[in-house]
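Side-chain atoms are counted along with the backbone in the values below, which use heavy atoms only and exclude waters and symmetry mates.
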Amino acid sequence: MLLDLSLLELKEYVKNLGLPSFRADQIFDALYKAKSLEEISNLSKEIKEKIANYYPKYEILKILESADGTMKMALKLEDGSIVESVLLKYKYGYTVCVSTQVGCRMGCKFCASTIGGLKRNLSAGEILLQVLLFNKIVGGTVKERGVTNVVLMGCGEPLDNYDNVTKFLKLLSSKDGLNISQRNISLSTCGLVDKIKKLADDGFSITLTISLHAPNDETRKKIMPIANAYKISEILNACDYYFSKTGRRVVFEYALIENVNSSAEDMLELSKLLKGRSCHVNLIPLNSVKEQNLNGIPRKEAYRLMNILNEHGISATVRRTMGEDIEGACGQLRNKLGGGK
Ligand code: SAH
């Protein structure tokens with residue numbers, strides 16, 4: 001697919017087709033404006049025929065808009081796979097939340113994205129497409145982008161699709177493309193230790209977000225199968241390594257689940273665990289996923305727990321939940337048409 005290619009690679013591709021280099025610029029421009037092949041006016045029918053096989057093919061199945069302005073898009077890809085992505089509006093601009101896999105094989109007990117397992121990885125271009133489509137929807141262009149931030153927090157475990165995801169990060173932050181700075185990109189992972197280290201070694205400096213969700217391994221194992229593969233201490237070591245290489249403060253996500261990980265004692269244990277680290281904790285009262293019988297806690301209670309962390313020297317906030325009415329909130333994305341009231 002042509003969106004998998006950098007401008008340089010596209011130039012090579014165009015050259016191999018026997019076309020002059022400026023054709024690559026024209027195709028690149030059309031791709032980044034999310035134009036369909038038919039909408040391109042400066043390419044002849046012959047050229048279009050030559051590139052048709054590799055030009056992105058997709059269908060926007062549905063766009064839902066939440067009362068708070070959040071939008072959720074369901075995209076049908078060339079092979080019929082469906083991915084969901086979300087657009088969040090903040091004061092400073094728009095953030096797109098992308099999916100990185102069709103489904104997910106991590107099996108976290110509280111997350112809708114993993115129901116049915118992993119179908120396949122998304123290519124770099126398929127991840128980029130989600131950003132480009134939303135950029136177009138909000139009236140952005142390539143030079144004056146509407147989308148300012150990107151979070152890899154949709155369906156899938158980004159570090160389980162390492163090569164495509166890192167290729168996507170390069171395309172997204174490339175000067176030729178949307179040129180979104182790595183500081184404005186967050187990658188969330190359930191904690192694939194080796195890949196966290198590799199990310200630092202490969203020179204990335206995006207914001208790393210860890211889905212921690214428990215103050216100890218025992219509790220974590222109850223809700224996250226990956227906890228059987230990596231201990232929290234190993235994840236924290238990998239975070240230290242990432243911090244030492246990038247200087248970027250790590251963010252920990254913690255979904256508050258009734259009777260599982262949301263007692264005052266849990267917060268005390270969490271403060272001990274994170275004491276002295278340059279980090280931030282994002283508390284998220286669990287969003288409901290109909291198939292799971294795990295419940296969230298009231299927001300008021302979440303603020304009480306946040307205060308406990310703050311009092312023990314841990315920077316923490318309760319995340320604003322957005323788009324819950326369209327099943328666009330954390331952990332609610334799927335690889336089929338999700339609901340919405
Ligand atoms: N696989 C990656 C990326 C997903 S990001 C990861 O695990 O980080 C989505 C975030 O939402 C993760 O922190 C995930 O743990 C969290 N999440 C999943 N289900 C949730 C739910 N029902 N309510 C609140 N947060 C949830």
inquiry  = Is it the case that the side chain of Ser174 and the backbone of Lys170 share a donor-acceptor pair, with hydrogens and angles ignored and the cut-off at 3.5 Å?
reply    = no
His280 NE2 to Thr209 OG1 distance, which is reported to the nearest 0.5 Å = 10.0 Å
query = What is the distance from atom NZ of Lys245 to atom NZ of Lys197, rounded to the nearest 0.5 Å?
reply = 11.5 Å
Which atom of Met224 lies closest to which atom of Ser211, heavy atoms considered = CE-O, 3.5 Å
query = Can you check side chain to side chain contact (heavy atoms under 4.5 Å, CB included) on Ile51 and Ile27, steps first, answer last?
reply = CA-CA 9 Å; Ile51 63 172; Ile27 297 169; 4.0 Å; yes
ask   = So, does Asp266 use its side chain to make a donor-acceptor pair with the main chain of Pro215 at under 3.5 Å?
value = no
task = Please step through salt bridge (Lys or Arg N to Asp or Glu O under 4.0 Å) for the pair Lys33 and Glu39, ending with a clear verdict.
result = CA-CA 10 Å; Lys33 285 182 179 153; Glu39 285 170 320; over 6 Å; no
request  = Measure the spacing between CG of Leu256 and CG of Leu283 and express it to the nearest 0.5 Å.
outcome  = 5.0 Å
query = Is any side-chain heavy atom of Tyr254 less than 4.5 Å from a side-chain heavy atom of Asn261?
reply = yes
inquiry  = Quick check on side-chain hydrogen bond (donor to acceptor under 3.5 Å, both in side chains): which of Thr114, Asp160, Asn164 does Gln101 satisfy it with?
reply    = Asp160
ask   = Can a salt bridge be assigned to the pair Glu9 and Lys167 using a cut-off of 4.0 Å between side-chain N and carboxylate O?
value = yes
key: Residues Arg249 and Ser278: side-chain donor-acceptor under 3.5 angstrom   = no
ask   = With a 3.5 Å cut-off and no angle check, do the side chains of Ser123 and Asp4 form a donor-acceptor pair?
value = yes
key: Closest approach of Cys239 to Ile210 (non-hydrogen atoms, all atoms of both residues)   = SG-CG1, 3.7 Å
note = Tightest non-hydrogen contact, residues Tyr230 and Gly191, listed as CD1-O, 3.5 Å
query = Considering all heavy atoms of both residues, which atom of Lys119 and which atom of Gly116 are nearest to each other, and what is their separation?
reply = CE-O, 4.1 Å
query = Is Arg120 salt-bridged to Glu126, going by a charged N under 4.0 Å from an acidic O?
reply = yes
query = Applying the 4.5 Å side-chain criterion to the ILVMFWY set and letting contacts propagate, would Leu2 and Leu133 be lumped into a single cluster?
reply = yes
inquiry  = With rounding to the nearest 0.5 angstrom, report the OG to CG distance, Ser233 to Leu273.
reply    = 9.0 Å
Stepwise side chain to side chain contact (heavy atoms under 4.5 Å, CB included) test for Asn295 and Leu286 = CA-CA 6 Å; Asn295 298 312; Leu286 190 83; 5.9 Å; no
request  = Begin with the C-alpha distance, continue with both residues' side-chain angles, and end with the deciding distance and a verdict on salt bridge (Lys or Arg N to Asp or Glu O under 4.0 Å) for Glu49 and Lys45.
outcome  = CA-CA 6 Å; Glu49 271 165 17; Lys45 199 164 154 265; 3.6 Å; yes
message = Can you give me the closest heavy-atom contact between Ala124 and Leu171, atom names plus distance?
response = CB-CD1, 4.1 Å
ask   = Are Val147 and Leu129 grouped together when hydrophobic residues (ILVMFWY) are joined by side-chain heavy atoms under 4.5 angstrom apart?
value = yes
ask   = Side-chain contact, heavy-atom cut-off 4.5 Å: Val251 with Leu208?
value = no
query = Taking atom types as modelled and ignoring hydrogens, do the side chains of Thr219 and Asn216 form a donor-acceptor contact shorter than 3.5 angstrom?
reply = yes
key: Steps toward side chain to side chain donor-acceptor pair (under 3.5 Å) verdict (Ser205, Arg248)   = CA-CA 7 Å; Ser205 57; Arg248 307 284 295 143; 5.7 Å; no
inquiry  = Rounded to the nearest 0.5 Å, what separates atom CG in Leu132 from atom CG in Leu3?
reply    = 6.0 Å
ask   = Linking I/L/V/M/F/W/Y whenever any side-chain heavy atoms sit under 4.5 Å apart, do Ile196 and Leu152 land together?
value = yes
request  = Can you run down the ring-ring contact (aromatic ring centres under 6.0 Å, His included) pairs that involve residues 169-220, sequence neighbours left out, and say none if there aren't any?
outcome  = Phe110-His213
query = Under 4.5 Å between any side-chain heavy atoms of Leu169 and Ile185, yes or no?
reply = yes
ask   = What distance do Met1 atom CE and Leu31 atom CG have between them, rounded to the nearest 0.5 Å?
value = 8.5 Å
inquiry  = Is there a continuous path of hydrophobic side-chain contacts, each under 4.5 Å between heavy atoms, that joins Val96 to Tyr90?
reply    = no
Ionic contact status for Glu301 with Arg304, cut-off 4.0 Å = yes
task = Flag the pair Tyr32 / Phe28 as yes when their ring centroid distance falls below 6.0 Å, and as no otherwise.
result = yes
Stepwise side chain to side chain contact (heavy atoms under 4.5 Å, CB included) test for Leu77 and Glu59 = CA-CA 7 Å; Leu77 300 170; Glu59 185 190 341; over 6 Å; no
Worked check of side chain to side chain contact (heavy atoms under 4.5 Å, CB included) between Ile297 and Leu305 = CA-CA 11 Å; Ile297 63 163; Leu305 298 175; 3.8 Å; yes
request  = Is it possible for you to say whether Val151 and Leu212 belong to one hydrophobic cluster, with membership spreading through side-chain heavy-atom contacts below 4.5 Å?
outcome  = no
message = Regarding Arg277 and Asp240, does a basic nitrogen lie under 4.0 Å from an acidic carboxylate oxygen?
response = yes
ask   = Would you say the side chain of Ile226 lies within less than 4.5 Å of the side chain of Arg220, judging by non-hydrogen atoms?
value = yes
request  = Taking all non-hydrogen atoms of both residues into account, name the closest pair between Cys279 and Ser315 and its distance.
outcome  = O-CB, 3.9 Å
task = Would you kindly say whether Tyr162 and Asp202 are connected by a side-chain donor-acceptor distance under 3.5 Å?
result = yes
key: Distance-only donor-acceptor check, side chains Glu65 and Thr70, under 3.5 Å   = no
message = Looking at Met153, is its backbone amide N or carbonyl O close enough to the side chain of Ser188 to form a donor-acceptor pair, meaning the two atoms are under 3.5 Å apart?
response = no
query = Is the closest side-chain donor-acceptor distance between Tyr241 and Asp201 under 3.5 Å?
reply = yes
ask   = Going by distance alone, is a donor N or O of one side chain under 3.5 Å from an acceptor N or O of the other, for Thr189 and Glu157?
value = yes
message = salt bridge (Lys or Arg N to Asp or Glu O under 4.0 Å), that's the test. Do Lys11 and Asp25 meet it? Break it down for me.
response = CA-CA 8 Å; Lys11 290 205 184 246; Asp25 297 307; 3.1 Å; yes
query = Can you tell me if Asn184 uses its side chain to pair, donor with acceptor, with the backbone of Ile180 under 3.5 Å?
reply = no
